[in-house]
There are 2 protein chains.
Amino acid sequence: MGMTLTSRDTSPAASQSGPVVFVVDDDASVREALGALFRSIGLAVRLFGSALEFLQGKPGETPGCIVLDVRLPGVSGLDFQTQLSALGIHLPIIFMTGHGDIPMSVRAMKAGAIDFLAKPFREQDMLDAVAAAIECDGRRRRDLEAISNLRSHFASLTPREQEVLTHVTSGLMNKQIAAALGLSEITVKIHRGNLMRKMGARSLADLVRQAEALGVGTPLEMAR
Amino acid sequence: MGMTLTSRDTSPAASQSGPVVFVVDDDASVREALGALFRSIGLAVRLFGSALEFLQGKPGETPGCIVLDVRLPGVSGLDFQTQLSALGIHLPIIFMTGHGDIPMSVRAMKAGAIDFLAKPFREQDMLDAVAAAIECDGRRRRDLEAISNLRSHFASLTPREQEVLTHVTSGLMNKQIAAALGLSEITVKIHRGNLMRKMGARSLADLVRQAEALGVGTPLEMAR
DNA sequence: AATGAACCTAAACCAACGTATGATCATGCC
DNA sequence: GGCATGATCATACGTTGGTTTAGGTTCATT
């Protein structure tokens, strides 16, 4: 097969199709074999010969996972894992290697890899790992989107409203918040009503949970 | 930060001394060498020649970690890891092996092992792993104790109070709770006041956070 | 100059919350 | 029987929460 670069799949709707398996391996035959394997179960695939090539694409938005050879031209797969993390690309990684050792695999797993397969591996093991990785990425993305929504709601609050929110979710009464911020109680009530509406919180319990997810308004550990 | 608590493992007051390293290896010379190593930095050590021997002691209460050879008489170290988990013994495990392979190490790490060291390893690596494991166990125990306190508080509530708590932390008003439980509003107020006192919650925000930690009173995912 | 956004406040009002006080009833235990 | 506990309800009172209406300021943008 002369195809060396990205083999964009037939499906044109690359936006919201499904999870994609990014295969990064310098051995073209391995790439192609893996590509065929994943396509055989209906997964979209993109193939890359190096880390740089992979970065040239714009991953990170697309859901899926990375199948990564430890030995790459240029950087090592382990270092690449670190780079990706630093770049904010948190796609689950499945490592594979022909000449790996235990410390290598342990380092990869400690750094969050989903799996680490020594060549030769059974195809089923790879498929299982990819399935787990995609499942994991899906969960991560759902969680991320949930708190992203929360954050945008929080960002839509005025500074004052944000202050009031943190005080409210800390369990302070309107009177106390007013004193803390140098306001009258009625003003606090106004802000409070506004922020409840903007945050889409239908009860104080709602708001506290949202604040918990956002990491705001929990000043001290609860007593006892 | 080595807490230089005396290695008086002789004393029967094993209650609140410090973290203990449980070494499980069938090779007596390895056991002794590890024992000496850990004692040299002020850690308490207990040595075992087999998994059974280890279980004969009463671990699980004592904070610390396990240093475990993969090859053991009887069960394999990996299987033993599973057994311990099933037994509710969640001490962090550091594996070591002279004849391990990558799948073995990956399985161990996936099952939650702190580290997996191939012999021969550097002493410093083992010490680092043990330090990390003890730190991890400390965190786990602190978290566990916190929610254990919460649970005992929750258990001290009467059935009715528990019901009311879940409804309150779901964001319902007293009136709605009363309707849901077939009570009058005043009765709900009574229960509510009592449970706030018993739970040691000084505000509704407090209570919601406690309920969150307990996993009660979060009926539906928040809208939007 | 005008507009709008964010901020602040007040008066008035109603709903919700919380805590007494006092009482009834059933259960289980000594 | 006597006792404690849990559960229930009522009346009453005071506090807290929340909205509406009706103002006011400052500041940046238009």
Side-chain angles (χ1 to χ4, degrees), chain A residues 151-212 214 216-219 222-224, chain B residues 151-212 214 216-219 222-224:
Chain A
R151 244 189 269 280
S152 69
H153 280 157
F154 184 73
S156 79
L157 300 181
T158 68
R160 263 303 195 224
E161 286 165 353
Q162 294 187 2
E163 278 182 304
V164 172
L165 184 148
T166 65
H167 285 82
V168 167
T169 55
S170 296
L172 295 172
M173 292 185 307
N174 290 339
K175 197 185 301 184
Q176 300 173 293
I177 299 171
L181 300 180
L183 302 174
S184 73
E185 190 180 345
I186 183 69
T187 306
V188 174
K189 288 183 181 181
I190 303 291
H191 288 317
R192 186 165 178 165
N194 290 338
L195 72 89
M196 287 292 284
R197 186 174 34 74
K198 289 187 186 176
M199 294 296 290
R202 293 188 310 252
S203 65
L204 179 56
D206 252 32
L207 192 73
V208 171
R209 271 185 255 271
Q210 292 183 0
E212 193 77 350
L214 284 169
V216 285
T218 316
M222 322 178 202
R224 273 150 309 289
Chain B
R151 245 190 269 279
S152 69
H153 280 158
F154 185 74
S156 79
L157 301 182
T158 68
R160 262 303 195 226
E161 286 165 353
Q162 295 187 2
E163 279 182 303
V164 172
L165 184 148
T166 66
H167 285 82
V168 166
T169 55
S170 297
L172 280 80
M173 291 184 308
N174 289 340
K175 197 185 303 183
Q176 299 173 293
I177 300 171
L181 299 181
L183 302 175
S184 74
E185 190 179 343
I186 183 67
T187 306
V188 174
K189 288 183 182 180
I190 303 289
H191 289 317
R192 186 166 178 163
N194 289 338
L195 73 89
M196 287 292 285
R197 187 175 34 74
K198 288 187 186 177
M199 294 296 290
R202 293 188 308 251
S203 66
L204 179 55
D206 252 33
L207 192 72
V208 171
R209 272 185 254 271
Q210 292 183 0
E212 193 76 350
L214 284 170
V216 290
T218 315
M222 320 179 202
R224 271 151 310 289

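So that the names make sense, note that chain A is the first sequence line, chain B the second, and so on, each numbered from 1.
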Matching residue for N174(B) among K189(B), E185(B), H191(B), R192(B) - test: side chain to side chain donor-acceptor pair (under 3.5 Å):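 Going through the options one by one, the only one that passes is R192(B).
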Classify the nucleic acid contact of S184(B) as base, sugar-phosphate or nothing, counting any heavy atom under 4.0 Å across all strands shown.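 Sugar-phosphate contact only - S184(B) comes under 4.0 Å of backbone atoms but never of a base.
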Out of curiosity, [X] [atom1] to [Y] [atom2], how far, rounded to the nearest 0.5 Å?
| X | Y | atom1 | atom2 | value |
| --- | --- | --- | --- | --- |
| L214(A) | Q162(A) | CG | CD | 10.0 Å |
| E161(A) | M199(A) | CD | CE | 10.5 Å |
| Q210(B) | F154(B) | CD | CZ | 11.0 Å |

Mind running a 4.0 Å heavy-atom check of residues 176-183 of chain A against DNA chain D and sending the residues that fall below it, in number order?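 Contacting residues: none.
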Nearest-nucleotide comparison on DNA chain D, the residue closer to the 5′ end among E185(A) and T158(B):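 On the 5' side of the pair lies T158(B).
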Could you list the protein-to-nucleotides 18-21 of chain D atom pairs, N/O on both sides, closer than 3.5 Å?
residue: dG18(D); atom: OP2; partner: R192(A); partner atom: NE; Å: 2.6
residue: dG18(D); atom: N7; partner: K189(A); partner atom: NZ; Å: 2.9
residue: dG18(D); atom: O6; partner: K189(A); partner atom: NZ; Å: 3.4

Using the side-chain contact (heavy atoms from CB on, under 4.5 Å) criterion, which residues pair with S156(A)? Sequence neighbours excluded.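 Listed in chain order: K198(A).
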Using side-chain contact (heavy atoms from CB on, under 4.5 Å) as the criterion, list what pairs up with L181(B), not counting sequence neighbours.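 Scan of L181(B) (side-chain contact (heavy atoms from CB on, under 4.5 Å), adjacent residues dropped) gives R160(B), E163(B), V164(B), H167(B), I177(B), L183(B).
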For the helix from dA1(C)-dT30(D) to dC30(C)-dG1(D), figure out the bend between the end axes, five pairs an end, and round to 10 degrees.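 One end's axis against the other's: 30°.
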Audit row: L165(B), L207(B), side-chain contact (heavy atoms from CB on, under 4.5 Å) steps and yes/no: CA-CA 8 Å; L165(B) 184 148; L207(B) 192 72; 4.0 Å; yes
Work out which heavy atom in R202(A) is nearest to a heavy atom in D206(A); give both atom names and the distance.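 Taking every non-hydrogen atom into account, N-OD2, 3.4 Å.
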Where S203(B) and S170(A) come nearest, the two heavy atoms and their spacing: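 Where S203(B) meets S170(A) most closely, the heavy atoms are OG-O, 4.5 Å.
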Nucleotides bounding contact with chain A, strand DNA chain C, heavy-atom threshold 4.0 Å: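 On DNA chain C, the outermost contacted nucleotides are dA6(C) to dA11(C).
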